[in-house]
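Notes follow once the structure below has been shown.
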Amino acid sequence: MQRFFLTIAMMATMFSLHAENGYRLWLRYDKIDNGKLLTEYQQQITGIQFNNTSATLQIAQKELLKGLHGLLAK
């Protein structure tokens with residue numbers, strides 16, 4: 001009987017866990033929680049500029065914009 005309850009408890013724990021995978025596992029762009037720091041960053045970072053339009057830099061630009069949008073909510 002004890003084994004049954006242990007199994008049920010383990011299954012409940014497994015279903016309640018939320019594992020991150022894929023892209024978000026490595027690159028998390030969650031909004032900055034510290035309001036003062038967020039405001040300071042939003043005021044200082046007004047844009048980005050890429051002078052070269054190679055395929056690699058276009059990918060980097062898209063990733064940077066995605067990160068800034070997530071971190072700064074703008």
Side-chain angles (χ1 to χ4, degrees):
M1 191 66 148
Q2 188 177 12
R3 181 180 266 174
F4 173 74
F5 288 119
L6 181 60
T7 303
I8 296 298
M10 288 177 63
M11 288 177 64
T13 302
M14 286 185 346
F15 289 120
S16 68
L17 295 176
H18 178 269
E20 294 186 46
N21 57 22
Y23 187 79
R24 196 162 153 68
L25 177 64
W26 300 108
L27 300 170
R28 293 184 186 122
Y29 299 129
D30 297 334
K31 184 178 173 187
I32 297 171
D33 291 334
N34 183 327
K36 182 178 178 184
L37 188 61
L38 176 62
T39 302
E40 184 179 329
Y41 285 166
Q42 286 174 333
Q43 290 172 351
Q44 290 181 4
I45 301 172
T46 58
I48 61 171
Q49 179 178 349
F50 281 79
N51 295 328
N52 191 329
T53 59
S54 71
T56 303
L57 284 179
Q58 287 176 352
I59 293 169
Q61 182 179 18
K62 285 173 69 174
E63 190 65 36
L64 184 57
L65 288 170
K66 181 185 244 182
L68 288 173
H69 178 74
L71 293 170
L72 305 179
K74 78 177 209 178

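Scope of the values below: all heavy atoms of this structure, side chains included, with no hydrogens, waters or symmetry mates.
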What distance separates Y29 OH from L64 CG, expressed to the nearest 0.5 Å? 8.0 Å
Measure the NE2-CG distance between H69 and L71 for me, rounded to the nearest 0.5 Å. 10.5 Å
So, for N34 and K36, which heavy atoms are closest and what is the spacing to 0.1 Å? OD1-N, 3.1 Å
Search all heavy atoms of L38 against all heavy atoms of K31 and return the closest pair with its distance. CD2-CE, 3.3 Å
When you compare the side chain of L27 with that of E63, does any pair of heavy atoms fall below 4.5 Å? yes
Above 12 or not: heavy atoms from other molecules or residues under 6.0 Å from NZ of K74? yes
Examine I59 and F50 and state if one hydrophobic cluster contains both, with Ile, Leu, Val, Met, Phe, Trp and Tyr joined whenever side-chain heavy atoms are less than 4.5 Å apart. no
At what distance, to the nearest 0.5 angstrom, does CG of N52 lie from CD of Q58? 9.0 Å
Looking at every non-hydrogen atom in both residues, tell me the closest pair between Q61 and I48 and how far apart they are. CG-CD1, 3.9 Å
Take atom CG in D33; do more than 12 heavy atoms of anything else shown fall under 6.0 Å from it? no
